[in-house]
Structures are given as C-alpha cells and as structure tokens.
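Order of appearance sets the numbers: ligands from 1, and atoms from 1 within every ligand. No hydrogens, no waters, no symmetry mates; every other heavy atom, side chains included, goes into these values. Here the structure is a predicted model, which means the values were calculated and not measured. When a residue number appears, it is its place in the shown sequence, counting from 1.
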Amino acid sequence: MPAFAVIGGQWGDEGKGKVIDYLAGRVSAVVRYAGGNNAGHTVVNDKGEFSLHLVPSGICWPDVYGIIGNGVVVDPEVLMGELNELSERGIETDKLCISDRAHVVMPYHVLLDRLEEESRGNAAIGTTGRGIGPAYVDKTARMGIRVGDLLDPESLRPRLEQTLNIKNKLISAVYGAEPLSAEEIMEKSLEWGNQLRPYVHATEQLVQDLLEQDQNILLEGAQGTLLDLDHGSYPYVTSSSPSIGGACTGLGLNPQAIKGVLGVYKAYSTRVGGGPMATEVFGEAADAWRDMANEFGATTGRARRVGWFDAVAGRYSRQVNGLTGMVITRLDILDGFPSVKICVGYRANGQEVSRFPSDTRVLEQCVPVYEEMPGWDEPTASATSLDQLPQNALAYVRRIEELVGCPAQVISTGPSRDETILVEQVIP
Ligand code: IMP
C-alpha cells in the first residue's frame, strides 16, 4: 500500500509543483490534502507552463487521478477557472476527483480574510487574502459548508442563511463593512454545485481502493512545514497542516501506507508574508537576489523575502515529517555567487539556540551563526547527473544533507522535467 509524500521543508514556494509533475509518471494518483488556492504550484513540461492553485500538479499526466482530499478548502470559482483554462489548453481534466467532505471557501471568507488582516495593522500576518483562514475557522467551529452540501440545495439554504446571518453581523457591526446577500450566494452555490457535480466523490474510498490495489499514490504537500498551524512560527502560519500529519487527516489515509516522505528545500530560503526569518538578507543584495531569481509569489505576485539556507529550520522540518529523503531545488540560482552561507545555529540573548524555537518571540531574536563555503562559477543549470556539478556545488549539497540529516535523492537544476538529477529513485 505505497503512498509517497512531497512536503515543503521551508516556508512554501520550494518548487514542489515541478517535483510532483516529475514524479507523477510513476503513480496512479496525485492527491492534495491541505490548504487551498493560497498555494501556487508552477509546472513546466512539453505541454507548456501551468500555474496551478487547486488542481493537483499531476494533471498533465492523462492516466493519473488528481484528487482534492477532504482536508483541502475549495474556492469553486477558482477551481472552475483553473479547469476551464486547462481544458482550453488541451489538458484532460476528467480524472479530477473532489472530496464531498472538503470545505468550501465562501465569499464571506474572502471578505473576512481582508477585513481581519486590515484590523491587525502592524501585526498583519500577510495572508494571501484568499479566505483560507476564515474557511478553516468555520470548519473547526462546525459551521462550514462542504462540497457535498453544494449538491443538496434543500439542506444548503437554511444552513447558509443561518451562517450568513452571523457573518453579516460580524462584517457590519465589528468591521463596518457592507453585508453580503444570501440570495446571491445561494445562486452562486447552486451554479457551483451543478458545475462540480461530476467531479465530487467520497475520495477517501478512492484513495483506500487504490492503495489496496497496490497502486502508488503521491501526496502533494502545499505551503511548507514552517507555515504549519501547529509546528510553524505561530501566529505567522497558514491555517492547515502542510506537514505529514495533515496527509492522514486530510485524506482519510492510514499512516502505515506512507512509505516515503520527501522534503523539498530550496537551496536558499524565501518567505512571503510576515513572521521571523533568521537568515533574511536585506537591502540591495536582497533586491538583486530576488530579481535575478524572480522570487515573486505565484499566487499574489508579492515580493518574496530571500536569505541563506537555514539548516536549523531544515533539520526541524526533517524531524517533524520523518523525512526519508530531500529534494534540493533552484541550486542553479546560486551559480556565480562568490561564496554561499549556511545557518548552522542561532544565538539569542547571548545564548546558543540549537533547535528551532517554539516561541516566535525567541525566534524573532535569533541571530544566525553561519558557515561560509566557497561558491562556484561553472553552471549547475540544466545538469542531469551529479558528475556534472562543480565540486563546490556538490560540497554545498553534501553539507546541507549532513546538517538536515537526510540524503538528497533529487536535485532540481531548472524548471522543466528534464532539468533534474535523480540521485536515487524515490518511487520504486
Ligand atoms: P494564508 O494561508 O493565506 O492564510 O496565509 C498565511 C501565511 O502563509 C502568509 O504568510 C502567506 O504568505 C503564507 N502562505 C500561504 N500559502 C503559501 C504558499 O503557498 N507559499 C508561500 N507562502 C504561503
């Protein structure tokens, strides 16, 4: 019963989309288990370049199921837009399945996300503004609307009216904004139900059946471990569990089915939104790095913060997820740097901090302790085997492996499928 996970080892945007598209040819299904359209996964292959937010990144493989599990929150408008665009570009979408238990991101969630962020002022989280947090709040408060509810207008109407009644009080009395119309949302919901109906299934059963037939499935992580609601730098986190635990609850997956957990790490660090990032680089050096690497969000277009590889955080992610291997992406971005730094520890208030702190206030005070290594001039871009890597680049990879504590099974040297070094087969 083999399931293999691909998980973000940092703050998201590690390049998981490419890795998943690359590995999807070896599996029967690619399955999203958490998050929503706050994610932005870029896939580049012989069919073109695709920016996916909800549709699983294996969609370009025609025989592979794309499953959106119960742990995902679905904005139907965004999903339908993505499906239409894929169809127009000749990609078949008939193997997409959406869990009837997945919660729906409703228009009031998107509005509340914005209003809540505005009210936080300087303490804003820097959310993607896609309504993700408020949708998970309602799920936990047991007042969410699920995809299955969209198919049953009779029971949907009273639930929607009751919920909107509460939300509108919040929207107008607390935030002073215009209330939303129940009738308009009901109309939209009916339309969404009709459009999504062919895709809606009890996906946990599909996942369980595939595993019982000994088919490989790939668990597609979104965001990253350091944005995990429980294990990230709270409150500067997303509202779901991108780490491996989220895959079990977000799919109805038995943990014993998971045979490999691959952590994806960029060769340096990026973060979008607020919250501590010990190895952040500032000023002109950061601007030049960001422009050269095109580090702008795939979902919001926001400038990403950039910095050196943080091995303390990387090791922590390895432990939280029980990683069996890692993928190092964007190594080519460091080509031509005179030297490269790795954060091997922190110091806070004159004390050594050797583990990733749970208290965000401590993390905010952490100053990185760096190890500096010589850079390399020869390109790693498009390399397809380890012996094509300059010696210093290989030494950098080896040091990251050592510090994080697991082997680099894949190294990505460019955006397309063939710009990949497969050091060790990940999915047998
Ligand atoms: P939310 O998930 O939109 O609520 O945003 C919460 C935090 O997670 C913010 O700092 C976002 O920038 C960050 N975030 C959410 N999704 C992603 C992602 O896919 N990549 C990188 N950052 C993300």
Side-chain angles (χ1 to χ4, degrees), residues 6-20 32-43 51-57 71-75 78 82 103 105-106 108-120 122-140 220-243 246 250 263-266 268-277 280 290 293-307 313 317 329-330 360 363-364:
V6 173
I7 307 257
Q10 297 157 311
W11 288 278
D13 307 322
E14 300 93 350
K16 296 180 290 295
K18 178 228 157 128
V19 175
I20 289 157
R32 274 280 304 266
Y33 59 84
N37 62 306
N38 46 352
H41 291 172
T42 306
V43 168
S51 183
L52 303 170
H53 300 280
L54 273 167
V55 171
S57 301
V72 176
V73 288
V74 177
D75 183 327
V78 172
E82 228 166 87
H103 281 246
V105 178
M106 300 296 278
Y108 44 85
H109 294 138
V110 181
L111 176 59
L112 282 166
D113 197 356
R114 180 170 65 75
L115 296 171
E116 285 166 7
E117 274 288 85
E118 281 169 10
S119 77
R120 286 186 191 113
N122 286 341
I125 290 162
T127 72
T128 58
R130 301 298 191 261
I132 307 301
Y136 279 113
V137 165
D138 280 4
K139 173 177 178 174
T140 311
E220 174 173 1
Q223 289 80 47
T225 304
L226 305 175
L227 288 175
D228 188 284
L229 179 60
D230 285 87
H231 302 293
S233 48
Y234 191 90
Y236 299 100
V237 291
T238 192
S239 299
S240 65
S241 304
S243 54
V264 185
Y265 292 83
K266 220 177 251 187
Y268 49 98
S269 300
T270 61
R271 178 167 200 173
V272 61
M277 177 181 171
E280 183 165 8
R290 179 180 308 111
N294 194 24
E295 287 292 1
F296 295 91
T299 300
T300 58
R302 286 182 295 175
R304 294 180 187 142
R305 300 153 68 190
V306 294
S317 287
T329 63
R330 307 214 79 191
T360 301
L363 193 54
E364 272 160 354

Pair D138-H109, side-chain donor/acceptor within less than 3.5 Å: yes

Minimum side-chain heavy-atom gap K16-E220 below 4.5 Å: no

Neighbouring residues of ligand 1, heavy-atom cut-off under 4.0 Å: W11, D13, N38, A39, I125, G126, T127, T128, Q223, L227, V237, T238, V272, G273, R302

Distance (rounded to the nearest 0.5 Å) between S241 OG and Q223 CD: 10.5 Å

Residue list, side-chain hydrogen bond (donor to acceptor under 3.5 Å, both in side chains) with T127, at least two apart or on another chain: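 Result, side-chain hydrogen bond (donor to acceptor under 3.5 Å, both in side chains) vs T127: D113.
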
Check ion pair E117-R120 (N to O, under 4.0 angstrom):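 R120 and E117: salt-bridged.
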
SB check R304 D13 (cutoff 4.0 Å): yes

